[in-house]
Structure formats: C-alpha cells, structure tokens
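Report on the following structure.
Numbering of ligands and ligand atoms starts at 1, following listing order.
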Amino acid sequence: MDLLLDQDLWEFQSHIARWVDERLVPQADALDRAGEFPRELFGELGKLGYYGILYPEQYGGSALEKPYLHYTVLCEELARGSMGFAAIVGMHASAATHTIFAWGSESLRQRYLVPAIRGEMVGAFALTEPNAGSDAAAIRTRALKVEGGWRLNGSKIFTSNGTIADFITVAATTDPQKKARGIGLFLVDAKTPGFRASRRLEKFTTHCSDTAELMLDEVFVPDECRLGAEEGSVLSAYKALTIDRIFTAALAIGTGRAAYDAALKYAKEREQFGQPIAKFQAVQFKLVDMLAQLEQARLYTYHAASLADRGQPITIEAALSKIIAADGCNQICQKALNIFGGYGLMNEFPVQRYLRDSYFPMIGGGTSDIMRLIVARQLGL
Ligand SMILES: Cc1cc2nc3c(=O)[nH]c(=O)nc-3n(C[C@H](O)[C@H](O)[C@H](O)COP(=O)(O)OP(=O)(O)OC[C@H]3O[C@@H](n4cnc5c(N)ncnc54)[C@H](O)[C@@H]3O)c2cc1C
C-alpha cells in the first residue's frame, strides 16, 4: 500500500485508476488529436460521482473526511491518462463550482451546483484578461449597478471550459479606484444575451481542454448572481484558489508519472549496440533522476493536501508544491523524450504529448515565478 494514502484513499485511488486505464488511456491520443471536449467521458465521470468530492451530500457531494487528499488523487490519476481531460475536470469540480457553493444562494446551488456535480452542466472561472494575467487586480471588465442587478462589459482570455461552459464565474471591477478590493464575482449563465465565447484558442498544450476568449456586452446579471460580500469577495476567491495550486501540482505529477512509466518500459525494450538502452549508465541516471523528482513532488504535494484537510494554513505549501511538481515534471518529461530518441518526436508515441502538456501546470493558475513571489512575500522578503 502507498504510505501516503490510508485504506480509504487507497481504495479511492484503485477505483479511479481502473477507470483511467479502461476508459481514458485508450482514448487519450485520439482526444488530443481531435482537440474537442470529450462530452461522453465528462458525463460518465459525473455519473460516477467524482465531481462531488469537495461538496456535502445535500448537493450530491461525497461529504468526505479528507476531501482535498481525495481530489489530489483524482487530479493525479486523471492526468496520468490525459492532462487535457484532467484540466477540464480540475477546473469544473473545484474553482468553477466552489464559488457557487461558498457564496451562492440556495436557489443558485440547486440550479447550477447540483447539475454540475452530476456532470449535466459544465462550469468555468474567468479572471484573466488580455491585459491582466499575473497582475489580476488590473482587470478592466466593468460591473455597473443597475436596477435589480449589474450590467457587465468587457472581455476575458484563456478561460478553461469557456466555449462549452453552461455557467461562468466572472471577475469584474465595480470600482477601478479600489483595485483588488473593488473586484467582485458574478455568476453568468452562458445563455444570457450579450455573453458569447468569441474564440476557441488553438494551443500547444492540453488540446482537448477548451481555452476561450469571452466577450461580455451589456450582460445583465441579477443581484442574486453577485457572489460574495459587497466588498472584497475576490479576496476570498483568491484564498479559494490557493487550494487549486495543490490540484495543479497533482496534474503535473500525473503526467510526470505517465512519462516516467513510458520511458522506463521503453528503455528496457529498445536495444542498441546489442543490449537494451536501460543498460547504459547515462540512461539509468536519467531514469533515477526522474524517479527522484517524481517522489519528491508526490511527497510534498500530498503533504500540502493533508495540511489543507487538517485546516492548516497552506499559502507557502501550495505555492511550493506547484513549483516543485510543475517544474520537476516538465524536466521529467524532457528526459523521457530524450530516452525515446527520434521516436519521442513522433506523434504515434504519447511522450511528445506528455512534454507539451507538462507546460500547462507551470503557467495555469499562476506562473512558477508568481508562486516564488508568493512564497517570498510570506517569508517577509
Ligand atoms: C491553458 C491555460 C488555461 C488557463 N485557464 C484559465 C482559466 O480558466 N481562468 C483564468 O482566469 N485564467 C486562466 N489561465 C490564465 C493563467 O492564469 C495566466 O496565463 C497566468 O496567470 C499568467 O498570466 P499571463 O499569461 O498574462 O502572463 P503574464 O502575467 O504576462 O506573465 C508573462 C511572464 O512575466 C512574468 N511575470 C509577470 N509578472 C511578474 C512579476 N511581478 N515578477 C516576476 N515575473 C513576472 C511571468 O512569470 C511570466 O513569465 C489559463 C492559462 C492557460 C495557458
């Protein structure tokens, strides 16, 4: 048994690992080539109850004692099959639904959270704008108070699940003078007049995960859909996003594991100079370094998730786990590609997909250097 996981978590991991091996791994290359949202697989995982890990039973959730460790296992296992699919789920069943659970009215929870947990609706979270990435407080999407609600105008970029989402939590400023304190969260139904996903962005990485540009033109949002307190709700959202850094680290670990397993197998099978390339010390050293990075990333990330489950502060640990896992797994994937030689560059082997996908955790949810800034601030530097 894995020492990081107790009996419950181990059983949970065995179940999701079986689904990944039977359903996701065989389709992962085709999903990457098609670059389309895998609606059938998404619905299937919802029916199995995996989108309710972070939520109570009354909304169809699992009411788990250690929800963050379970979610970390889920992210790792899914990304072992397909980081693109794992990114869809990671956003949907955490940040995109958490805002409704934490700050939505009971009627919003029934209308959006419950079907989302069943996998019948897809959620997104839109903060980033063309001119406001790392500097999220600089967003320009404006929310103006009108009778009975708010009117939103602006645009968003890089929104995961953007073109397929049924509902989107949109960050908008109610008062640009107040910078971060003036930013509020608004739940926008994708059918609202004036809202549209204007572009599905073609990208280098995580092909089956949808990444979109959104336009909001005089979008009316009723008062009920303003999520959170009048002031500073986005600050609470930032806190909620902290846990997602651990989940993003788990995505990196899943893909790193897939790359390591593939390289180990290939090194034992591929023969050159009359022997398997695994017999060459240069190849052995690469594999051992990959394993060292993987184990380090897993240990630290599960440590951070376990702290979160115990209600401990995780600002430093979440940022460090993202740095260690995202940067480390990108290096693992580079070494895996090297071990595959020319075949590593061929699309018929998934190792090139692993390497492309391994760049996503280094940027999505905040770049590795922004994680370093967060830790430096916590250290009083
Ligand atoms: C595939 C994908 C999916 C995404 N999904 C979502 C989503 O669903 N919702 C959402 O809101 N956003 C999403 N994002 C956006 C993501 O969070 C941003 O891309 C990320 O925060 C970086 O912002 P940026 O791309 O504008 O880069 P920039 O902020 O322009 O950064 C460019 C470079 O400058 C560096 N830099 C910037 N500021 C500093 C500083 N103060 N000190 C040191 N270095 C600095 C960065 O580290 C980076 O190397 C997604 C991005 C990608 C690529």
Side-chain angles (χ1 to χ4, degrees), residues 32 35 37 75 79 82-99 116 122-141 152 154-173 179-180 183-188 190 197 199-216 227 234 237-238 240-242 244-245 247-249 251-252 255 318-319 322-323 326-327 330 353 355-377 381:
D32 185 67
F37 173 56
C75 289
S82 160
M83 167 94 74
F85 184 74
I88 296 170
V89 170
M91 170 54 74
H92 169 78
S94 175
T97 38
H98 173 82
T99 51
V122 184
F125 181 91
L127 174 64
T128 307
E129 296 184 1
N131 295 309
S134 302
D135 184 10
I139 59 167
R140 291 184 193 157
T141 295
L152 268 54
S155 67
K156 294 286 169 187
I157 197 93
F158 301 154
T159 307
S160 297
N161 301 344
T163 71
I164 46 151
D166 298 287
F167 59 88
I168 303 101
T169 297
V170 173
T173 176
K179 303 207 165 145
I183 297 173
L185 298 176
F186 300 84
L187 184 64
V188 175
R199 225 163 25 117
R200 186 185 200 279
L201 303 165
E202 295 289 321
K203 63 186 187 305
F204 163 76
T205 184
T206 53
H207 286 165
C208 72
S209 160
D210 179 84
T211 308
E213 178 185 69
L214 309 178
M215 303 299 285
L216 296 107
L227 301 172
V234 88
Y238 276 133
L241 290 175
T242 304
D244 283 291
R245 293 176 192 141
F247 303 152
T248 307
L251 297 186
T255 296
K322 192 164 175 306
I323 295 169
D327 293 4
N330 175 259
R353 167 165 61 86
L355 179 60
R356 283 188 284 105
D357 288 354
S358 74
Y359 283 90
F360 167 65
M362 294 200 291
I363 294 172
T367 68
S368 295
D369 280 346
I370 293 302
M371 296 302 117
R372 290 179 177 94
L373 268 183
I374 290 167
V375 177
R377 277 195 202 124
L381 303 174

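- Side-chain contact, Glu129 with Thr141: a donor N or O sits under 3.5 Å from an acceptor N or O.
- Minimum interatomic distance between Thr159 and Ala126 (heavy atoms only, all atoms of both residues): OG1-CB, 3.7 Å.
- For the atom pair CZ of Phe167 and OG1 of Thr99, the computed distance is 7.5 Å after rounding to the nearest 0.5 Å.
- Remark: the Ser368 side chain and the Asp327 side chain contain an N/O donor-acceptor pair separated by less than 3.5 Å.
- Every protein residue with a heavy atom nearer than 4.0 Å to ligand 1 is included here: Met91, Phe125, Ala126, Leu127, Thr128, Gly133, Ser134, Phe158, Thr159, Ser160, Lys203, Phe360, Ile363, Gly365, Gly366, Thr367, Asp369, Ile370, Leu373.
- Between the OG1 atom of Thr205 and the OH atom of Tyr359 there is a distance of 10.0 Å, given to the nearest 0.5 Å.
- Thr97 places a side-chain N or O within 3.5 Å of a backbone atom of Ser94 that can act as its donor or acceptor partner.
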